[in-house]
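Scroll down for the structure; my scribbles are underneath it.
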2 protein chains.
Amino acid sequence: MKEIDQGAEHNTVKERILKEALRLFSEKGFEGTSLQAIADAVGIQKPSLIYHFPSKENLRQNVVESLIVYWKNELPRMLTTSQDDSNRLVSTMTSLVNFFMEDVNRARLVVREMIDRPEETFSVLNEHVSPWTRLIGDYLRMGQQGGIYKKDVDPNAYIVQVMVMVVGTVAMGTVISGMVSASTDISHGPLIKELVRIVQASLYADKK
Amino acid sequence: MKEIDQGAEHNTVKERILKEALRLFSEKGFEGTSLQAIADAVGIQKPSLIYHFPSKENLRQNVVESLIVYWKNELPRMLTTSQDDSNRLVSTMTSLVNFFMEDVNRARLVVREMIDRPEETFSVLNEHVSPWTRLIGDYLRMGQQGGIYKKDVDPNAYIVQVMVMVVGTVAMGTVISGMVSASTDISHGPLIKELVRIVQASLYADKK
DNA sequence: GCTCAAGCCTACCAGATGATAGGCAAGTAT
DNA sequence: ATACTTGCCTATCATCTGGTAGGCTTGAGC
(Lines give C-alpha, C1' and ligand atoms only; values in the text may rest on other atoms or scores of the structure.)
Protein backbone atom coordinates (compact mmCIF):
# COMPACT_ATOMS: atom_id res chain seq x y z
CA MET A 1 0.00 0.00 0.00
CA LYS A 2 2.78 2.33 0.92
CA GLU A 3 4.63 1.51 -2.27
CA ILE A 4 1.59 2.27 -4.38
CA ASP A 5 1.28 5.78 -2.99
CA GLN A 6 4.95 6.51 -3.57
CA GLY A 7 5.16 9.49 -5.88
CA ALA A 8 1.44 9.85 -6.30
CA GLU A 9 0.67 11.22 -2.84
CA HIS A 10 1.66 14.85 -2.52
CA ASN A 11 1.76 14.87 1.23
CA THR A 12 4.62 12.58 2.18
CA VAL A 13 7.05 14.23 4.55
CA LYS A 14 9.81 13.97 1.99
CA GLU A 15 7.78 15.87 -0.61
CA ARG A 16 6.72 18.49 1.89
CA ILE A 17 10.39 19.01 2.77
CA LEU A 18 11.30 19.43 -0.90
CA LYS A 19 8.46 21.89 -1.37
CA GLU A 20 9.35 24.06 1.62
CA ALA A 21 13.07 23.85 0.82
CA LEU A 22 12.40 25.05 -2.73
CA ARG A 23 10.40 27.94 -1.39
CA LEU A 24 12.90 28.96 1.29
CA PHE A 25 15.99 28.46 -0.88
CA SER A 26 14.48 30.64 -3.59
CA GLU A 27 13.28 33.30 -1.14
CA LYS A 28 16.24 33.53 1.21
CA GLY A 29 18.94 31.68 -0.71
CA PHE A 30 20.75 28.49 0.21
CA GLU A 31 23.12 30.07 2.73
CA GLY A 32 20.33 32.25 4.06
CA THR A 33 18.15 29.27 4.90
CA SER A 34 18.88 27.16 7.97
CA LEU A 35 17.83 23.55 8.38
CA GLN A 36 15.92 24.72 11.43
CA ALA A 37 13.86 27.10 9.30
CA ILE A 38 12.97 24.33 6.86
CA ALA A 39 12.11 21.93 9.67
CA ASP A 40 9.87 24.57 11.25
CA ALA A 41 8.13 25.23 7.94
CA VAL A 42 7.44 21.52 7.47
CA GLY A 43 6.48 21.06 11.11
CA ILE A 44 9.11 18.51 12.08
CA GLN A 45 12.37 18.53 14.01
CA LYS A 46 15.76 19.20 12.50
CA PRO A 47 17.15 15.67 12.91
CA SER A 48 14.07 14.31 11.14
CA LEU A 49 15.15 16.44 8.19
CA ILE A 50 18.61 14.93 8.28
CA TYR A 51 16.97 11.53 8.38
CA HIS A 52 15.37 12.10 4.96
CA PHE A 53 18.25 14.07 3.44
CA PRO A 54 21.64 13.21 4.97
CA SER A 55 23.02 16.72 4.56
CA LYS A 56 21.99 20.23 3.62
CA GLU A 57 24.00 19.96 0.43
CA ASN A 58 22.21 16.73 -0.42
CA LEU A 59 18.88 18.44 0.12
CA ARG A 60 19.90 21.25 -2.25
CA GLN A 61 20.84 18.76 -4.93
CA ASN A 62 17.51 16.99 -4.56
CA VAL A 63 15.61 20.27 -4.84
CA VAL A 64 17.50 21.17 -8.00
CA GLU A 65 17.06 17.69 -9.39
CA SER A 66 13.31 17.84 -8.87
CA LEU A 67 13.28 20.85 -11.21
CA ILE A 68 15.52 19.13 -13.75
CA VAL A 69 13.34 16.03 -13.80
CA TYR A 70 10.36 18.23 -14.55
CA TRP A 71 12.26 19.83 -17.45
CA LYS A 72 13.43 16.57 -18.91
CA ASN A 73 9.83 15.38 -19.03
CA GLU A 74 8.22 18.61 -20.16
CA LEU A 75 10.72 20.01 -22.68
CA PRO A 76 10.24 17.21 -25.23
CA ARG A 77 6.49 17.58 -24.83
CA MET A 78 6.68 21.34 -25.36
CA LEU A 79 8.76 20.93 -28.49
CA THR A 80 6.50 18.32 -30.06
CA THR A 81 3.11 19.64 -28.96
CA SER A 82 2.43 22.16 -31.69
CA GLN A 83 2.48 20.62 -35.13
CA ASP A 84 2.32 24.03 -36.71
CA ASP A 85 5.91 24.94 -37.53
CA SER A 86 5.25 28.65 -37.89
CA ASN A 87 4.73 29.28 -34.19
CA ARG A 88 6.33 26.25 -32.63
CA LEU A 89 9.02 28.44 -31.17
CA VAL A 90 6.59 30.88 -29.60
CA SER A 91 4.39 28.13 -28.21
CA THR A 92 7.43 26.44 -26.69
CA MET A 93 8.48 29.67 -25.11
CA THR A 94 4.98 30.27 -23.79
CA SER A 95 4.99 26.83 -22.19
CA LEU A 96 8.31 27.72 -20.62
CA VAL A 97 6.95 30.98 -19.26
CA ASN A 98 3.93 29.16 -17.87
CA PHE A 99 6.18 26.63 -16.18
CA PHE A 100 8.03 29.38 -14.34
CA MET A 101 4.91 31.46 -13.70
CA GLU A 102 3.26 28.45 -12.07
CA ASP A 103 5.68 28.99 -9.23
CA VAL A 104 7.87 32.09 -9.29
CA ASN A 105 10.20 30.32 -6.85
CA ARG A 106 11.33 28.08 -9.69
CA ALA A 107 12.69 31.01 -11.67
CA ARG A 108 14.34 32.56 -8.64
CA LEU A 109 16.00 29.31 -7.67
CA VAL A 110 17.34 28.91 -11.19
CA VAL A 111 18.74 32.44 -11.11
CA ARG A 112 20.33 31.83 -7.73
CA GLU A 113 21.90 28.58 -8.86
CA MET A 114 23.35 30.28 -11.93
CA ILE A 115 24.97 32.99 -9.81
CA ASP A 116 25.95 30.85 -6.83
CA ARG A 117 27.38 27.94 -8.82
CA PRO A 118 28.06 29.15 -12.38
CA GLU A 119 30.29 26.30 -13.57
CA GLU A 120 28.15 23.59 -12.02
CA THR A 121 24.94 25.07 -13.44
CA PHE A 122 26.60 25.48 -16.82
CA SER A 123 27.35 21.75 -16.84
CA VAL A 124 23.86 20.81 -15.73
CA LEU A 125 22.27 22.94 -18.45
CA ASN A 126 24.68 21.64 -21.03
CA GLU A 127 24.00 18.04 -20.12
CA HIS A 128 20.24 18.09 -19.72
CA VAL A 129 18.95 20.99 -21.79
CA SER A 130 21.37 21.55 -24.67
CA PRO A 131 20.19 18.50 -26.65
CA TRP A 132 16.81 20.14 -27.01
CA THR A 133 17.97 23.68 -27.62
CA ARG A 134 20.25 22.36 -30.34
CA LEU A 135 17.11 21.20 -32.11
CA ILE A 136 15.68 24.68 -31.83
CA GLY A 137 18.95 26.06 -33.19
CA ASP A 138 18.78 23.84 -36.26
CA TYR A 139 15.16 24.81 -36.70
CA LEU A 140 16.11 28.49 -36.59
CA ARG A 141 18.89 28.08 -39.12
CA MET A 142 16.54 26.27 -41.48
CA GLY A 143 14.00 29.03 -41.14
CA GLN A 144 16.67 31.57 -41.92
CA GLN A 145 17.60 29.84 -45.15
CA GLY A 146 13.95 29.60 -46.02
CA GLY A 147 13.61 33.35 -45.56
CA ILE A 148 11.11 33.10 -42.73
CA TYR A 149 13.50 34.50 -40.14
CA LYS A 150 15.79 37.52 -40.29
CA LYS A 151 19.18 36.62 -41.65
CA ASP A 152 21.14 38.64 -39.09
CA VAL A 153 19.79 36.58 -36.20
CA ASP A 154 22.56 34.74 -34.34
CA PRO A 155 20.62 31.53 -33.56
CA ASN A 156 22.61 30.43 -30.51
CA ALA A 157 22.85 33.89 -29.00
CA TYR A 158 19.18 34.45 -29.78
CA ILE A 159 18.15 31.34 -27.85
CA VAL A 160 20.27 32.39 -24.91
CA GLN A 161 18.76 35.87 -24.94
CA VAL A 162 15.22 34.49 -25.05
CA MET A 163 16.08 32.34 -22.06
CA VAL A 164 17.57 35.32 -20.23
CA MET A 165 14.36 37.22 -20.84
CA VAL A 166 12.05 34.40 -19.77
CA VAL A 167 13.86 33.58 -16.54
CA GLY A 168 14.74 37.21 -15.88
CA THR A 169 11.22 38.50 -16.40
CA VAL A 170 9.63 36.00 -14.05
CA ALA A 171 12.34 36.30 -11.40
CA MET A 172 12.95 40.05 -11.49
CA GLY A 173 10.30 41.63 -13.70
CA THR A 174 8.07 43.06 -10.99
CA VAL A 175 11.10 44.44 -9.13
CA ILE A 176 12.58 46.13 -12.19
CA SER A 177 9.13 47.57 -12.84
CA GLY A 178 10.01 49.95 -10.01
CA MET A 179 12.12 51.71 -12.62
CA VAL A 180 9.07 52.86 -14.55
CA SER A 181 6.11 52.87 -12.19
CA ALA A 182 5.54 53.48 -8.53
CA SER A 183 2.65 51.03 -8.14
CA THR A 184 4.01 48.08 -6.23
CA ASP A 185 1.78 45.47 -7.77
CA ILE A 186 2.58 45.52 -11.47
CA SER A 187 1.39 42.17 -12.74
CA HIS A 188 3.54 40.00 -14.93
CA GLY A 189 0.90 40.20 -17.67
CA PRO A 190 2.05 43.25 -19.64
CA LEU A 191 5.69 42.26 -19.20
CA ILE A 192 5.16 38.82 -20.68
CA LYS A 193 3.03 40.21 -23.46
CA GLU A 194 5.85 42.57 -24.39
CA LEU A 195 8.33 39.74 -24.00
CA VAL A 196 6.47 37.69 -26.59
CA ARG A 197 6.24 40.69 -28.88
CA ILE A 198 9.97 41.38 -28.68
CA VAL A 199 10.86 37.74 -29.27
CA GLN A 200 8.67 37.65 -32.39
CA ALA A 201 9.47 41.10 -33.76
CA SER A 202 13.20 40.44 -33.57
CA LEU A 203 12.94 37.06 -35.27
CA TYR A 204 10.56 37.17 -38.23
CA ALA A 205 11.82 38.69 -41.45
CA ASP A 206 10.15 41.89 -42.61
CA LYS A 207 7.55 41.37 -45.27
CA LYS A 208 8.87 42.69 -48.53
CA MET B 1 46.00 66.69 3.91
CA LYS B 2 43.87 63.75 4.87
CA GLU B 3 40.73 65.64 3.95
CA ILE B 4 42.06 66.46 0.51
CA ASP B 5 42.66 62.81 -0.28
CA GLN B 6 39.23 61.80 0.93
CA GLY B 7 37.46 60.14 -1.99
CA ALA B 8 40.33 60.62 -4.39
CA GLU B 9 42.67 57.97 -2.95
CA HIS B 10 41.60 54.49 -3.96
CA ASN B 11 43.56 52.67 -1.30
CA THR B 12 41.99 53.76 1.96
CA VAL B 13 41.01 50.83 4.13
CA LYS B 14 37.37 51.82 3.90
CA GLU B 15 37.42 51.70 0.10
CA ARG B 16 39.27 48.43 0.05
CA ILE B 17 36.62 46.98 2.36
CA LEU B 18 33.85 48.18 0.04
CA LYS B 19 35.64 46.71 -2.96
CA GLU B 20 36.19 43.28 -1.42
CA ALA B 21 32.69 43.26 0.08
CA LEU B 22 31.18 43.99 -3.34
CA ARG B 23 33.17 41.15 -4.82
CA LEU B 24 32.38 38.62 -2.10
CA PHE B 25 28.71 39.60 -1.75
CA SER B 26 28.21 39.22 -5.49
CA GLU B 27 30.15 35.94 -5.68
CA LYS B 28 28.90 34.18 -2.56
CA GLY B 29 25.90 36.25 -1.60
CA PHE B 30 25.32 38.32 1.52
CA GLU B 31 24.49 35.40 3.81
CA GLY B 32 27.20 33.31 2.21
CA THR B 33 29.89 35.85 3.06
CA SER B 34 31.22 36.10 6.62
CA LEU B 35 32.81 39.22 8.07
CA GLN B 36 35.88 37.06 8.64
CA ALA B 37 36.13 36.34 4.90
CA ILE B 38 35.92 40.04 4.06
CA ALA B 39 38.47 40.94 6.72
CA ASP B 40 40.84 38.27 5.40
CA ALA B 41 40.44 39.53 1.84
CA VAL B 42 41.26 43.08 2.91
CA GLY B 43 44.05 41.96 5.19
CA ILE B 44 42.71 43.31 8.48
CA GLN B 45 41.02 41.86 11.55
CA LYS B 46 37.30 41.42 11.96
CA PRO B 47 36.80 44.08 14.66
CA SER B 48 38.59 46.59 12.43
CA LEU B 49 35.87 45.94 9.91
CA ILE B 50 33.21 46.66 12.50
CA TYR B 51 35.06 49.85 13.32
CA HIS B 52 34.51 51.21 9.82
CA PHE B 53 31.04 49.74 9.31
CA PRO B 54 29.16 49.26 12.59
CA SER B 55 27.35 46.15 11.37
CA LYS B 56 27.25 43.70 8.49
CA GLU B 57 23.90 45.11 7.44
CA ASN B 58 25.36 48.60 7.42
CA LEU B 59 28.21 47.38 5.23
CA ARG B 60 25.71 45.89 2.77
CA GLN B 61 23.83 49.17 2.56
CA ASN B 62 27.06 51.05 1.88
CA VAL B 63 28.04 48.63 -0.86
CA VAL B 64 24.65 49.03 -2.53
CA GLU B 65 24.76 52.79 -2.10
CA SER B 66 28.17 52.98 -3.78
CA LEU B 67 26.52 51.48 -6.86
CA ILE B 68 23.54 53.82 -6.66
CA VAL B 69 25.78 56.86 -6.37
CA TYR B 70 27.56 55.75 -9.53
CA TRP B 71 24.22 55.44 -11.31
CA LYS B 72 22.92 58.78 -10.18
CA ASN B 73 26.03 60.40 -11.62
CA GLU B 74 26.32 58.37 -14.80
CA LEU B 75 22.69 57.96 -15.90
CA PRO B 76 22.15 61.67 -16.64
CA ARG B 77 25.44 61.72 -18.51
CA MET B 78 24.45 58.67 -20.56
CA LEU B 79 21.12 60.21 -21.47
CA THR B 80 22.55 63.53 -22.54
CA THR B 81 25.77 62.37 -24.17
CA SER B 82 24.55 61.57 -27.65
CA GLN B 83 22.86 64.52 -29.31
CA ASP B 84 21.69 62.32 -32.13
CA ASP B 85 18.12 61.39 -31.24
CA SER B 86 17.95 58.42 -33.59
CA ASN B 87 20.26 56.24 -31.56
CA ARG B 88 20.17 57.90 -28.17
CA LEU B 89 18.39 54.90 -26.75
CA VAL B 90 20.89 52.41 -28.09
CA SER B 91 23.87 54.47 -26.98
CA THR B 92 22.37 54.79 -23.51
CA MET B 93 21.89 51.05 -23.37
CA THR B 94 25.43 50.45 -24.58
CA SER B 95 26.78 52.68 -21.81
CA LEU B 96 24.70 50.67 -19.36
CA VAL B 97 26.09 47.40 -20.68
CA ASN B 98 29.61 48.78 -20.44
CA PHE B 99 29.00 49.85 -16.85
CA PHE B 100 28.04 46.32 -15.88
CA MET B 101 30.67 44.68 -18.07
CA GLU B 102 33.36 46.78 -16.38
CA ASP B 103 32.78 44.60 -13.36
CA VAL B 104 30.46 41.62 -13.70
CA ASN B 105 30.07 41.65 -9.93
CA ARG B 106 27.96 44.76 -10.27
CA ALA B 107 25.34 42.96 -12.31
CA ARG B 108 25.36 39.93 -10.05
CA LEU B 109 24.96 42.05 -6.94
CA VAL B 110 22.02 43.86 -8.51
CA VAL B 111 20.39 40.55 -9.39
CA ARG B 112 20.96 39.25 -5.88
CA GLU B 113 19.51 42.35 -4.30
CA MET B 114 16.42 42.12 -6.50
CA ILE B 115 15.81 38.53 -5.42
CA ASP B 116 16.88 38.83 -1.79
CA ARG B 117 15.04 42.07 -1.06
CA PRO B 118 12.40 42.59 -3.76
CA GLU B 119 10.32 45.29 -2.07
CA GLU B 120 13.33 47.24 -0.84
CA THR B 121 15.03 47.10 -4.24
CA PHE B 122 11.79 48.10 -5.93
CA SER B 123 11.68 51.23 -3.77
CA VAL B 124 15.32 52.05 -4.41
CA LEU B 125 14.89 51.73 -8.17
CA ASN B 126 11.69 53.71 -8.06
CA GLU B 127 13.26 56.51 -6.09
CA HIS B 128 16.62 56.84 -7.83
CA VAL B 129 16.18 55.48 -11.36
CA SER B 130 12.54 56.00 -12.36
CA PRO B 131 12.90 59.76 -12.93
CA TRP B 132 15.31 59.01 -15.76
CA THR B 133 13.51 56.05 -17.24
CA ARG B 134 10.36 58.14 -17.34
CA LEU B 135 12.20 60.44 -19.68
CA ILE B 136 13.04 57.49 -21.91
CA GLY B 137 9.38 56.46 -21.78
CA ASP B 138 8.23 59.85 -22.98
CA TYR B 139 10.87 59.77 -25.66
CA LEU B 140 9.61 56.37 -26.82
CA ARG B 141 5.99 57.52 -26.95
CA MET B 142 6.97 60.55 -28.98
CA GLY B 143 8.88 58.37 -31.41
CA GLN B 144 5.85 56.12 -31.73
CA GLN B 145 3.62 59.04 -32.70
CA GLY B 146 6.26 60.17 -35.16
CA GLY B 147 6.20 56.75 -36.77
CA ILE B 148 9.84 55.98 -35.98
CA TYR B 149 9.02 53.22 -33.54
CA LYS B 150 6.59 50.33 -33.85
CA LYS B 151 3.15 51.25 -32.58
CA ASP B 152 2.58 47.99 -30.71
CA VAL B 153 5.55 48.63 -28.41
CA ASP B 154 4.50 48.94 -24.76
CA PRO B 155 7.00 51.64 -23.73
CA ASN B 156 7.13 50.87 -20.02
CA ALA B 157 7.22 47.11 -20.46
CA TYR B 158 9.79 47.54 -23.23
CA ILE B 159 12.13 49.48 -20.95
CA VAL B 160 11.77 46.86 -18.23
CA GLN B 161 12.51 44.08 -20.71
CA VAL B 162 15.59 45.86 -22.01
CA MET B 163 16.79 46.19 -18.43
CA VAL B 164 16.08 42.51 -17.77
CA MET B 165 18.16 41.61 -20.80
CA VAL B 166 21.07 43.91 -19.95
CA VAL B 167 21.40 42.84 -16.33
CA GLY B 168 20.48 39.24 -17.09
CA THR B 169 22.94 38.89 -19.94
CA VAL B 170 25.90 40.18 -17.97
CA ALA B 171 25.00 38.27 -14.81
CA MET B 172 23.89 34.96 -16.30
CA GLY B 173 24.68 35.00 -20.02
CA THR B 174 27.76 32.82 -19.98
CA VAL B 175 26.03 30.31 -17.71
CA ILE B 176 22.92 30.06 -19.87
CA SER B 177 25.22 29.60 -22.85
CA GLY B 178 25.63 26.08 -21.52
CA MET B 179 22.23 25.47 -23.06
CA VAL B 180 23.57 25.83 -26.58
CA SER B 181 27.29 25.13 -26.50
CA ALA B 182 29.63 22.95 -24.51
CA SER B 183 32.60 25.31 -24.63
CA THR B 184 32.92 26.79 -21.17
CA ASP B 185 34.34 30.11 -22.23
CA ILE B 186 31.70 31.71 -24.41
CA SER B 187 32.54 35.38 -24.32
CA HIS B 188 29.89 38.01 -23.70
CA GLY B 189 30.63 39.50 -27.13
CA PRO B 190 28.19 37.60 -29.33
CA LEU B 191 25.50 37.73 -26.63
CA ILE B 192 25.68 41.50 -26.35
CA LYS B 193 25.78 41.92 -30.11
CA GLU B 194 22.57 39.88 -30.35
CA LEU B 195 21.11 41.80 -27.41
CA VAL B 196 21.61 45.09 -29.27
CA ARG B 197 20.15 43.58 -32.42
CA ILE B 198 17.03 42.34 -30.61
CA VAL B 199 16.52 45.65 -28.85
CA GLN B 200 16.69 47.53 -32.16
CA ALA B 201 14.78 45.06 -34.33
CA SER B 202 11.87 45.00 -31.90
CA LEU B 203 11.68 48.77 -31.64
CA TYR B 204 12.09 50.44 -35.04
CA ALA B 205 9.12 50.43 -37.34
CA ASP B 206 9.44 48.44 -40.56
CA LYS B 207 10.28 50.55 -43.56
CA LYS B 208 7.26 50.73 -45.76
C1' DG C 1 4.89 -13.29 20.74
C1' DC C 2 9.18 -11.62 18.93
C1' DT C 3 12.13 -9.16 15.73
C1' DC C 4 13.24 -5.61 12.99
C1' DA C 5 13.12 -1.57 10.31
C1' DA C 6 10.99 2.97 9.45
C1' DG C 7 10.10 7.43 11.03
C1' DC C 8 10.42 10.78 14.17
C1' DC C 9 11.91 12.50 18.47
C1' DT C 10 15.16 14.75 22.62
C1' DA C 11 19.71 15.85 23.90
C1' DC C 12 23.98 17.17 22.60
C1' DC C 13 28.35 18.56 20.03
C1' DA C 14 32.19 21.32 17.86
C1' DG C 15 32.80 25.04 15.15
C1' DA C 16 31.58 29.41 13.05
C1' DT C 17 28.97 33.62 13.28
C1' DG C 18 28.11 38.68 14.23
C1' DA C 19 29.21 41.64 17.69
C1' DT C 20 31.35 43.80 22.14
C1' DA C 21 34.95 45.30 25.50
C1' DG C 22 38.88 47.19 26.09
C1' DG C 23 43.89 48.07 25.08
C1' DC C 24 47.55 50.39 22.44
C1' DA C 25 50.17 53.16 19.19
C1' DA C 26 50.34 57.23 16.26
C1' DG C 27 48.98 61.65 15.16
C1' DT C 28 46.67 66.26 16.26
C1' DA C 29 45.25 70.08 19.14
C1' DT C 30 45.76 72.99 22.88
C1' DA D 1 53.57 68.13 27.96
C1' DT D 2 48.91 66.77 28.12
C1' DA D 3 44.58 65.32 26.39
C1' DC D 4 41.96 63.58 22.82
C1' DT D 5 40.86 61.23 18.44
C1' DT D 6 41.71 57.88 14.91
C1' DG D 7 42.59 53.29 13.47
C1' DC D 8 43.64 48.99 14.38
C1' DC D 9 44.43 45.21 17.47
C1' DT D 10 43.56 40.83 21.06
C1' DA D 11 40.34 38.48 23.81
C1' DT D 12 35.92 37.20 24.58
C1' DC D 13 30.83 36.70 24.20
C1' DA D 14 26.15 34.52 23.33
C1' DT D 15 23.96 32.58 19.63
C1' DC D 16 23.26 29.83 15.86
C1' DT D 17 25.02 26.56 12.50
C1' DG D 18 25.08 21.72 10.35
C1' DG D 19 25.41 17.34 12.08
C1' DT D 20 25.51 13.08 15.50
C1' DA D 21 24.00 9.72 19.17
C1' DG D 22 20.71 7.31 20.82
C1' DG D 23 15.91 6.42 22.44
C1' DC D 24 10.72 5.83 21.72
C1' DT D 25 6.76 4.32 19.00
C1' DT D 26 4.48 2.11 15.30
C1' DG D 27 3.47 -1.49 12.13
C1' DA D 28 4.74 -5.40 9.13
C1' DG D 29 6.86 -10.28 8.70
C1' DC D 30 7.53 -14.61 10.63
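The model shown is predicted, which means the values in this text are computed figures rather than measured ones. Protein chains get the first letters and strands the later ones, always in sequence-line order, with residue 1 at the start of each.
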task = Test A/Ser48 against A/Gln45 for side-chain hydrogen bond (donor to acceptor under 3.5 Å, both in side chains), laying out the working first.
result = CA-CA 5 Å; A/Ser48 308; A/Gln45 295 302 313; over 6 Å; no
request  = Starting from the C-alpha separation in whole Å, work towards a yes-or-no answer on side-chain hydrogen bond (donor to acceptor under 3.5 Å, both in side chains) for A/Gln36 and A/Asp40.
outcome  = CA-CA 6 Å; A/Gln36 189 64 61; A/Asp40 289 349; 3.1 Å; yes
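Side-chain nitrogen and oxygen atoms of A/Ser48 include at least one within less than 4.0 Å of the OP1 or OP2 phosphate oxygen of C/dC9. Side-chain N/O atoms of A/Tyr51 include none lying less than 4.0 angstrom from OP1 or OP2 on C/dC8. In this structure, A/Gln36 does not reach the D/dC16 phosphate: none of its side-chain N or O atoms is under 4.0 Å from OP1 or OP2. Note on B/Ser34: a side-chain N or O is less than 4.0 Å away from OP1 or OP2 of C/dT17. Between B/His52 and D/dT6 there is no side-chain polar atom (N or O) within less than 4.0 angstrom of OP1 or OP2.
Between B/Phe99 and B/Trp71, the ring-plane angle classifies as perpendicular under the 30° and 60° cut-offs.
In this structure, B/Arg16 atom CZ and D/dG7 atom P are separated by 13 Å, rounded to whole Å. We find that CZ of B/Phe53 is positioned 14 Å from P of C/dA19, with the value rounded to whole Å. D/dT6 atom P lies 19 Å from atom CG of B/Leu49, rounded to whole Å. Taking atom CG of residue A/Leu35 and atom P of nucleotide D/dG19, one finds them 6 Å apart after rounding to whole Å. Distance B/Gln45 CD to D/dT12 P: 15 Å, rounded to the nearest Å. For the pair A/Asp40 CG and D/dT17 P, the computed distance is 10 Å after rounding to whole Å. Residue A/Ile50 contributes atom CD1, which lies 16 Å from atom P of C/dG7 at whole-angstrom precision. Atom-to-atom, NZ of B/Lys14 to P of D/dT6 comes out at 11 Å; the value is rounded to the nearest Å.
For the pair B/Arg106 and B/Tyr70, the cation-pi criterion (under 6.0 Å, within 45° of the ring axis) is fulfilled.
Donor-acceptor pairing under 3.5 Å, judged by distance alone, is present between the side chain of A/Lys46 and the base of D/dG18.
Comparing A/Lys56 and B/Ile44 along DNA chain D, the residue whose closest nucleotide (by nearest heavy atom) sits nearer the 5' end is B/Ile44.
For B/Ser55, counting side-chain heavy atoms from C-beta on, the closest listed nucleotide (C/dA19, C/dT10, D/dG18) is C/dA19.
A donor-acceptor pair is defined here as one N or O able to donate and one able to accept, closer than 3.5 Å; no such pair exists between the side chain of B/Lys56 and the backbone of B/Ser34.
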